[in-house]
Each structure stands twice: as structure tokens, then as C-alpha cells.
Amino acid sequence: MLQFEAYLDQQLKTALKALNYPDIEYQFDRPKAEAHGDISVNLAMLLAKSLKQNPRQIAQQIVNALSLDSRQIAKVEIAGPGFINFFLAEAGLQARVPEILQGGENYGRFTLGESRPAMVEFVSANPTGPLTVGHGRGAVVGDTVANLLEWSGYKVTREYYFNDAGRQMRVLGDSVRLRYLELLGEKIDFPEDYYQGEYIKDIAAKVLQAHGSVLKESAETDIFKETAVREIFADINRTLESMNVRFDSYFNEMDLYRNGDIDRVIENLKKKNLAYEQDGALWFKASQFGLEKDRVIVKSSGEPTYRLPDIAYHIVKFQRQFEIMVDIFGADHIATYPDVLAGLRASGYDSSKVKVLIHQFVTLMEGTEKVKMSTRKANFVTLDELIAEAGGDVTRWFFLMRSMQSHLNFDLKLAKTHSEENPVYYNQYAHARICSILRNAEEKGIRCEGKTGLSASQFAPLREKSEFELIKKLLEFPKTVYKCALDYEPHLLPLYLSEVSTAFHKFYTECRVISEDEALTRARLGLCLAVKTVLGNGFRIVGVSAPERM
RNA sequence: GCUCCCUUAGCUCAACGGAUAGAGCAGCGGCCUUCUAAGCCGUUGGUUGGAGGUUCGAGUCCUCCAGGGAGCGCCA
């Protein structure tokens with residue numbers, strides 16, 4: 001579609017110039033109704049006001065001024081309040097198929113980022129326990145946004161920020177210690193606000209296995225904490241790996257203290273008179289940056305609040321030269337990021353380079369019953385358990401299907417019982433079907449040409465409606481990737497891919513690929529390969545597998 | 001009390017400010033001697049939570065109201 005749009009844009013601009021109309025910004029649209037053509041333009045309606053003319057008349061004048069190549073555009077119509085609708089020529093559509101094949105694994109990529117560095121920071125859960133279903137949504141959204149930025153031409157770093165020090169961690173270590181003592185037969189009183197999960201007992205057992213009972217009387221506590229962090233992190237990474245999520249780097253909050261980044265933030269703010277002492281604490285003048293009130297950054301105990309390291313961390317990101325910094329947060333952090341952005345502005349950085357994406361919560365349903373998710377309570381469904389039930393591909397796809405600002409109901413029961421009828425398999429099945437056809441063709445000795453030796457004329461045998469519909473759908477891929485990336489709306493991709501699959505299944509039902517007609521067979525095999533290309537590329541961005549058989 | 005998100009078909013959700021609001025699931029009825037039926041076709045289903053406003057045009061933007069969620073800390 002982009003080729004057609006670029007062509008039309010150029011022609012329309014020429015027409016506007018000839019008519020002495022202002023050169024304004026307008027949109028291309030893919031009309032829903034078939035009768036409205038393949039590409040429509042709202043140009044005339046937008047011009048109506050400044051020209052003080054009837055939009056349909058303006059449209060007519062523009063159309064009259066156009067001289068379009070009939071091999072690209074078959075027909076132009078004016079409709080409704082003043083839309084100009086373009087109908088694509090069959091030859092033009094056929095000619096696009098080899099372009100998809102030539103693009104291959106890179107079809108849909110674009111170069112907007114020009115290899116400039118971007119960072120996506122996500123998950124960033126402290127290693128206190130297994131990831132929750134909520135983390136899963138963040139993980140999938142983050143990884144997919146990262147994939148989209150890569151397809152936009154950015155050089156992307158996926159980073160996991162964590163803190164393995166502080167009160168939270170002391171409680172974790174002590175939780176393990178108590179379970180350890182319990183294993184040694186001691187009667188213990190396990191505090192309510194400690195980590196209740198079974199995994200703590202597993203870690204305690206590991207400590208016992210490695211060190212025996214010598215730690216019973218010892219004052220040593222670090223071993224418990226360190227073992228817990230190591231084990232939990234290993235679990236977290238295993239879980240993420242099962243959803244195809246991998247990180248390029250891990251950033252430990254402690255480094256901000258060791259390297260003096262925290263102190264520098266404080267000094268800088270003080271120097272600029274943007275921080276002051278009150279009640280023994282250090283306050284940041286957030287109110288000078290549009291926020292409701294000032295915020296404490298160092299408690300009277302001398303410990304920083306979470307804001308300070310967060311600000312320092314983002315400054316480090318700037319120093320690492322990232323041009324785009326995306327943060328993925330759950331809705332519970334919604335109130336925290338304005339402080340961080342204000343802190344960045346106060347420190348002299350352009351906070352518009354930081355893009356904060358907030359995803360709403362996942363409500364896990366077991367039938368009609370809500371399952372509450374809290375790390376500290378013993379009763380929760382982990383991301384791991386969800387993946388075990390639904391599978392990595394299904395979990396990924398489901399998390400991505402909905403726009404992130406909408407609450408997601410994930411019905412476990414449905415994921416189990418209807419797993420064969422869910423959209424992931426629908427899409428993967430299309431891919432597997434194509435692979436099967438290609439295998440059959442190969443067995444029959446019909447060679448499907450690869451990237452070379454393809455000419456538009458080879459696709460001239462494609463004449464059926466379902467074939468053209470399929471080609472049109474395939475041609476929307478680059479624009480869809482572009483839009484998903486720029487608007488940070490990954491959910492549009494699964495939606496689009498389902499449309500591709502629908503168009504393919506329809507084509508498959510109506511058109512036999514391998515037939516006696518050799519030219520037609522080869523044209524259709526090429527089309528199948530083009531569908532496989534688009535689905536495969538789409539799956540790669542979404543992060544699900546592209547099965548050859550099902 | 002204040003801030004952010006949501007409210008669309010029976011259920012879960014889509015829809016760059018565009019034309020007759022769409023999918024999947026659930027329901028009903030069809031289609032396998034031919035490349036994978038995890039598929040296709042048909043059909044039922046709507047006052048887009050309510051009231052105003054902005055404009056050529058509103059599910060989408062603005063104001064108010066109602067309901068649900070998440071926050072509002074010298075916790076993260």
C-alpha cells in the first residue's frame with residue numbers, strides 16, 4: 001500500500017499545485033466498505049473550509065486535474081461527503097507480490113531509526129518471588145515494543161532494572177532463614193508480612209542441602225539472601241525464556257550508589273536550588289515542574305526514597321546516549337513516573353525522550369472467580385503456571401491482543417478448554433498449511449522460485465477476487481508495523497495478522513494452488529510464499545513460533 | 001477530596017476525527033473421494049453507560065453525571 005500511497009501522494013500534490021490549492025496534510029485510509037475502493041483520501045473535506053466550497057466540488061476538481069497511470073489505479077470515484085476513492089489496478093497488485101518475496105525476512109522493516117540506540121526497560125521486578133501474571137503482560141508488551149523499534153530501524157537494548165538490597169531483600173533473606181530453621185525442626189513463628197510462598201521453602205531446602213545445618217547457630221544471614229536472589233532470578237529468567245523474552249542487560253540499582261550517581265543528582269539539585277531540607281528530610285521541588293507538591297527524595301533516616309535512584313538511573317540512560325527510552329510499568333506505578341520525569345527536567349534533561357507506557361492490570365479468572373495476585377500471599381497463580389496451562393505462544397498472543405490501556409481478563413478455564421479454537425492456532429495453522437502446500441509442491445518437483453528471477457508478469461495468472469483481497473491484505477503489513485511502532489500500540493499487530501490468516505484461509509478454500517495449470521500453480525505458490533513471509537515476519541515481532549506442521 | 005485507565009453484541013474485546021460500528025467465543029444452519037475441517041460459507045445478535053457541547057462528520061475530542069479498576073507515603 002505504501003507504494004500506491006506514495007504514488008498517489010505525488011500525483012495529488014501535483015494536482016493541488018495545478019489548481020493553486022494549498023498544500024495541506026491529509027490522510028490515506030483503507031475504507032471498510034468494498035464499494036469505497038482500496039484507498040481513500042479526505043483531502044477535499046479538509047480543504048472545504050479554507051476554500052469555502054462544497055467538498056464534493058473540490059474533489060471533482062482534484063480528480064479532473066489528476067492523470068493517473070491505469071496500470072496502478074483502475075478507477076477513481078467521489079463519494080459520500082467528499083471522499084476521493086481509488087481502486088487499485090489488477091496489474092499493479094500483481095506487481096507487488098514479487099516485491100514482498102524480494103523483501104523476504106526484511107519485508108516490513110523500515111529505516112526510521114537509522115541504527116540509533118533505543119532502550120526498552122521492562123519487567124524490572126525485584127527478585128523477591130516468581131513473576132506474576134501482571135509481570136507477564138509487561139514482559140510481553142515490552143519485548144514486543146522492543147521488536148517493533150528494531151523493525152523501525154533502532155538499535156534496541158532490552159534492560160531489566162532491579163534492586164537486590166534494602167528492606168524488601170532483608171525480609172526475603174530472613175523468610176528463607178526461618179524456613180531453614182523450620183526444616184531443622186525448630187518451632188518458628190513465621191511473621192505475616194514475610195514471604196509466604198512455597199518457593200521460600202524450596203530455597204531453604206537448597207540452602208540446607210548446600211550448607212547443612214551449620215548456619216543454624218551462625219550469625220550469617222547473607223547466604224540466605226544471596227541464595228534466594230540467585231534462585232529466584234534463575235526462575236524468573238526461565239519463565240521469561242519460555243515466553244521468548246530475553247534481556248540484553250541487567251542494571252543493578254546498587255551501582256548507582258557505588259558510582260556516585262545518586263550523590264551527583266542530589267548535588268546538582270541542591271546547586272540549582274531545587275532541593276531543600278525540611279523535617280530532617282531532603283525534598284525535591286517537584287511543584288516547580290508542574291506537579292502537585294514537593295517530594296521527599298532522602299528520608300530523615302538518610303535513606304533515599306525510590307524516586308532518587310529512579311531519577312539517577314534515567315540520567316545514566318541519557319548518558320548512555322539512548323535516543324528513545326521506553327519504560328513499561330503496571331498501572332500501580334502510575335503516580336510515580338511524573339516525579340521521575342520532573343526530576344529529569346530539573347536535572348537538565350529532555351524528558352520527552354522518555355516514553356512511559358502504562359499497562360492496566362490483568363485479572364486472572366478461574367471461571368467466574370477472580371484470582372488475586374500478590375507475591376506476598378501464598379495464594380496466587382504465577383506466570384509460570386499460566387504458561388504451563390496455556391503455552392508460551394498462547395500466553396504471549398493473549399497478552400498482546402488487547403490494547404495495554406484496557407484491563408485484561410484472562411480466563412484460565414477458557415485458555416484450557418478452548419485452546420484449540422483460539423486465535424493463535426488460527427494464525428499458526430495458516431502458516432502450517434502454507435508449509436504443507438510448499439512441501440507438496442516440492443515433492444511434485446514444482447520449484448518455487450526464490451528471490452531471484454521474479455517478474456511481475458509471472459503473477460498475471462492471479463485473477464480471483466480472493467487472490468486480490470489477499471494481496472491487498474499483505475500489502476498493509478509495512479504500514480501496520482510502522483503504525484504499531486510509532487504509536488506504541490503492539491496490539492494492532494495480532495489483529496492484523498488474524499486478518500491475513502482469514503484472507504489466506506478464504507483463498508485456500510476457493511483456489512487450488514497445485515493444479516495442471518503450470519503458470520497458475522507457480523503464481524499461486526509465489527503468493528503462498530508471500531503470505532508465509534508476512535505471517536512469519538509478523539510472528540517474529542509478536543514473538544510466537546511459526547510452525548511448519550500442526 | 002484529587003489524579004490516571006476503563007464502560008461498545010450474551011461473554012472477551014477491535015475500530016489514524018471519516019462513509020452502513022467490526023472480530024473471536026457462545027447460539028443456529030450448511031460444506032471434507034482433490035494441496036491440513038485447528039478451515040470455509042450463511043445466520044442471529046447494538047439507543048457505543050447517560051446528558052450536553054465542538055464540526056462538514058464523534059464510539060473517538062471537550063464539559064458534567066453514573067458505574068468499575070488503579071493510585072494519591074519520609075513503601076517500591
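Protein chains get the first letters and strands the later ones, always in sequence-line order, with residue 1 at the start of each. Everything quoted here is computed from the prediction, not taken from an experiment. Below, all heavy atoms of this structure are taken into account, side chains as well, without hydrogens, waters or symmetry copies.
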> So, is A:Lys479 near the phosphate of B:C16, with a side-chain N or O under 4.0 Å from OP1 or OP2?
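False: A:Lys479 side-chain N/O out of range (4.0 Å or more) of B:C16 OP1/OP2.
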> How close or far is atom C1' of B:G39 from atom CE of A:Met550, stated in whole angstroms?
11 Å
> When you compare B:G27 with B:G57, how far apart are their P atoms, in angstrom units rounded to a whole number?
44 Å
> Checking base pairs now: Watson-Crick or wobble, both atom distances under 3.5 Å. What partners B:C4?
B:G69
> Establish, for the pair A:Arg307 and A:Phe284, whether the NZ or CZ atom is under 6.0 angstrom from the six-membered ring centre and no further than 45 degrees off its axis.
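No.
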> Counting only side-chain N and O atoms of A:His359, is one of them less than 4.0 Å from OP1 or OP2 of B:A70?
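Indeed not, no polar side-chain atom of A:His359 lies that close.
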> As a test of the definition: with a 90° window around 0 for syn, would you call B:C41 syn or anti?
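The base of B:C41 is oriented anti (glycosidic angle more than 90° from 0).
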> Students often mix this up, so state it plainly: with edges at 30° and 60°, are the rings of A:Tyr250 and A:Phe162 parallel, tilted or perpendicular?
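Perpendicular.
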> Who is the Watson-Crick or G-U wobble partner of B:A14, with both distances under 3.5 Å?
none
> Are OP1 or OP2 of B:A14 and a side-chain N or O of A:Ser406 less than 4.0 angstrom apart?
yes
> Could you give the distance separating B:C2 and B:C64 at their P atoms, to the nearest angstrom?
10 Å
> Please work out whether the ring planes of A:His333 and A:Phe329 are parallel, tilted or perpendicular, with thresholds of 30° and 60°.
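The rings of A:His333 and A:Phe329 lie parallel, inter-plane angle below 30°.
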> For B:A51 and B:U12, measure between their C1' atoms and round to the nearest Å.
29 Å
> How do A:Ser498 and A:Met401 order along RNA chain B: which one's closest nucleotide is nearer the 5' end?
A:Met401
> With a 3.5 Å limit on both atom pairs, tell me what B:C74 is paired to, counting Watson-Crick and G-U wobble, or say none.
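Across any shown strand, B:C74 pairs with none.
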> Answer with yes or no whether A:Asn85 presents, from its side chain, a donor or acceptor under 3.5 Å of a partner atom in the base of B:A19.
yes
> Is the phosphate of B:A21 approached by A:Lys32 (side-chain N or O, under 4.0 Å from OP1 or OP2)?
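Negative; the distance criterion is not met.
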> Could you let me know what B:A26 is paired to, Watson-Crick or G-U wobble, both distances under 3.5 Å, or none if it's on its own?
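Across any shown strand, B:A26 pairs with none.
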> Students often get this wrong, so: under 4.0 angstrom with heavy atoms, is A:Ala48 touching a base, only sugar-phosphate, or nothing?
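Counting heavy atoms under 4.0 Å across all strands, no contact is made by A:Ala48.
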> Taking only the side-chain nitrogens and oxygens of A:Tyr425, find out if one of them lies under 4.0 Å from OP1 or OP2 of B:A37.
no
> Would A:Asp393 and A:Arg396 pass as an ion pair if we require N to O under 4.0 Å?
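Not counted as a salt bridge, because no side-chain N and carboxylate O are separated by less than 4.0 Å.
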> In whole Å, what separates the P atom of B:G42 from that of B:C35?
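Looking at atom P only, B:G42 and B:C35 are 23 Å apart.
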> Rounded to whole angstrom, note down the P distance from B:G17 over to B:C61.
8 Å
> Quick check on B:A14: is either OP1 or OP2 less than 4.0 Å from any side-chain nitrogen or oxygen of A:Ser403?
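Checking B:A14 against A:Ser403, a side-chain N or O does come within under 4.0 Å of OP1 or OP2.
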> With hydrogens left out and only the distance checked, is there a donor-acceptor pair under 3.5 Å joining A:Thr502's side chain and the base of B:A23?
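Under the 3.5 Å cut-off, the side chain and the base do not form any donor-acceptor pair.
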> Anything under 30° is parallel, anything over 60° is perpendicular, the rest tilted; go ahead and classify A:Trp397 against A:Phe539.
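Answer is perpendicular, since the angle exceeds 60°.
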> Can you tell me if the side-chain N/O atoms of A:Tyr508 get under 4.0 Å from OP1 or OP2 in B:A37?
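True: A:Tyr508 side-chain N/O within range (under 4.0 Å) of B:A37 OP1/OP2.
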> Is the phosphate of B:U36 approached by A:Ser436 (side-chain N or O, under 4.0 Å from OP1 or OP2)?
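Result: yes.
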> Applying ring pair (Phe, Tyr, Trp, His ring centres under 6.0 Å), can you list everything that pairs with A:Phe87, at least two apart in sequence or on another chain?
none
> Could you give the distance separating B:A37 and B:C31 at their C1' atoms, to the nearest angstrom?
9 Å
> Could you give the OH-to-C1' distance, from A:Tyr488 to B:C16, as a whole number of Å?
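So the two atoms are 17 Å apart, to the nearest Å.
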> Quick one: salt bridge (Lys or Arg N to Asp or Glu O under 4.0 Å) partners of A:Asp517, sequence neighbours excluded?
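Partners of A:Asp517 by the salt bridge (Lys or Arg N to Asp or Glu O under 4.0 Å) criterion come out as none, since no residue qualifies.
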> Roughly how far apart, to the nearest Å, are B:G52 and B:A66 at atom C1'?
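Going atom to atom, C1' in each nucleotide, I get 15 Å.
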> Verify the contact: side-chain N or O of A:Arg433 to OP1 or OP2 of B:A37, cut-off strictly under 4.0 Å; return yes or no.
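For A:Arg433, the contact criterion (side-chain N or O under 4.0 Å from OP1 or OP2 of B:A37) is met.
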> Taking the same atom, P, in B:C16 and in B:U60, what whole-Å distance lies between them?
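These two P atoms come out 12 Å apart once rounded.
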> So for A:Ser300 and B:C74, does any side-chain atom that can act as donor or acceptor lie under 3.5 Å from a complementary atom in the base?
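Counting by modelled atom types and ignoring angles, a donor-acceptor contact under 3.5 Å is found here.
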